[in-house]
Amino acid sequence: MVSCRRALERAVMTIDHLNRNSSFNSDLLTRVAAAKLLDVSPRTLDRWHLERTGPPRITIGRKVRYRLASINRWLATRETVPQLSQRHA
C-alpha cells in the first residue's frame, strides 16, 4: 500500500513539474476553442481537415487539439498582399 501511494505521489509531482515547466499543454486548444478563435464553426474545421486546407491538428485518442502556434503559422501562410490593378500601374 505504501509503495502504491509513493508511486502515485511521484506521478503527481512529475505531472505538476511538466505543467509548470513546459508550454506543451498550455498552447493546446480544443476544437471548439480553435473554431472560436478563427470565427468559424467546429464543423468547418473538420471539413478543412478532410480537404487538407486547415491548420494542423493533433489527435490524442479521440480528442482533437490545435496548437496555438500552428494556427498562427497557418494564418500567416494565408495572408495576402493587395495587388495594384492594371489601371493604376
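Numbers here are sequence positions counted from 1. This structure is a prediction, so every number in the text was calculated from the model and none was measured.
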Side chain to side chain, P55 and S70, heavy atoms closer than 4.5 Å: no
Using a 4.5 Å cut-off on heavy atoms from C-beta on, say whether the side chain of V64 contacts that of I58. no
Run L68 and L28 through side chain to side chain contact (heavy atoms under 4.5 Å, CB included) and show every step you take. CA-CA 6 Å; L68 184 57; L28 292 181; over 6 Å; no
Would you say that L38 contacts T44 through its side chain, given a criterion of any heavy-atom pair below 4.5 Å between the two side chains? no
Contact summary for Y66 and T30, nearest pair of heavy atoms: CD1-O, 4.3 Å
At what distance, to the nearest 0.5 angstrom, does CG of L37 lie from CG of L75? 7.5 Å
Given R57 and D46, is the salt bridge (charged side-chain N to carboxylate O under 4.0 Å, His left out) satisfied, shown in steps? CA-CA 10 Å; R57 71 185 199 176; D46 294 340; 3.7 Å; yes
R43 and R31 have their tightest heavy-atom pair at N-NH2, 4.0 Å
Considering all heavy atoms of both residues, which atom of W74 and which atom of T53 are nearest to each other, and what is their separation? NE1-O, 2.9 Å
V40 with V32, same ILVMFWY side-chain cluster at under 4.5 Å: no
Residue pair I60 / R65: nearest heavy atoms and the distance that separates them: CD1-CG, 4.3 Å
The reported gap from CZ in R67 to CG in N72 (rounded to nearest 0.5 angstrom) is 12.5 Å
